[in-house]
Amino acid sequence: MQTLKFQQAIAEGTLLEIHLISGETYRGICKKGKLADSFELKTDKGLLSLPYWTIKRFKQI
């Protein structure tokens with residue numbers, strides 16, 4: 001994963017599509033998480049808190 005581009009997208013509040021290593025895909029806006037090395041993803045169904053290492057790939061929408 002391209003950490004620097006992901007962190008830039010978080011700072012800008014960009015809508016992202018995130019594909020996790022578990023195979024799940026989510027769409028939403030990310031922000032920095034409360035725990036170290038984590039982020040929060042706000043989707044239309046709720047708020048997810050995930051560690052960075054779970055991201056396989058992402059793209060801006």
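Index from 1, following the sequence. As a basis for the values below, the full set of heavy atoms in this structure was taken, side chains included, without hydrogen atoms, waters or symmetry mates. Quantities reported herein were computed from a predicted structural model and do not represent experimental measurements.
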Taking all non-hydrogen atoms of both residues into account, name the closest pair between [X] and [Y] and its distance.
X     : Y     : answer
Gly13 : Ile29 : O-CG2, 3.9 Å
Cys30 : Ile10 : CB-CG1, 3.7 Å
Phe39 : Pro51 : CE2-O, 3.6 Å

Checklist entry - Are Tyr52 and Leu16 grouped together when hydrophobic residues (ILVMFWY) are joined by side-chain heavy atoms under 4.5 angstrom apart? => result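 Yes, Tyr52 and Leu16 fall within the same hydrophobic cluster.
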
Checklist entry - By salt bridge (Lys or Arg N to Asp or Glu O under 4.0 Å), which residues pair with Glu17, not counting sequence neighbours? => result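 So Glu17 forms a salt bridge (Lys or Arg N to Asp or Glu O under 4.0 Å) with Arg27, Lys59.
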
Checklist entry - Out of Arg57, His19, Lys56, which residue meets the side-chain contact (heavy atoms from CB on, under 4.5 Å) rule with Thr25? => result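 Passing option: His19.
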
Between [atom1] on residue [X] and [atom2] on residue [Y], distance to nearest 0.5 Å:
X     : Y     : atom1 : atom2 : value
Glu24 : Thr54 : CD    : OG1   : 9.0 Å
Ile18 : Ile61 : CD1   : CD1   : 9.0 Å
Leu20 : Trp53 : CG    : CH2   : 9.5 Å

Checklist entry - Does the pair Gln7 and Lys32 meet the rule for a side-chain contact (heavy atoms from CB on, under 4.5 Å), with working shown? => result CA-CA 8 Å; Gln7 290 174 344; Lys32 188 173 179 180; over 6 Å; no

Next on the checklist: Counting C-beta onward and ignoring hydrogens, is there a side-chain heavy-atom pair between Tyr26 and Lys45 closer than 4.5 Å?
Outcome noted: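 The answer is no; the side chains never approach within 4.5 Å.
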
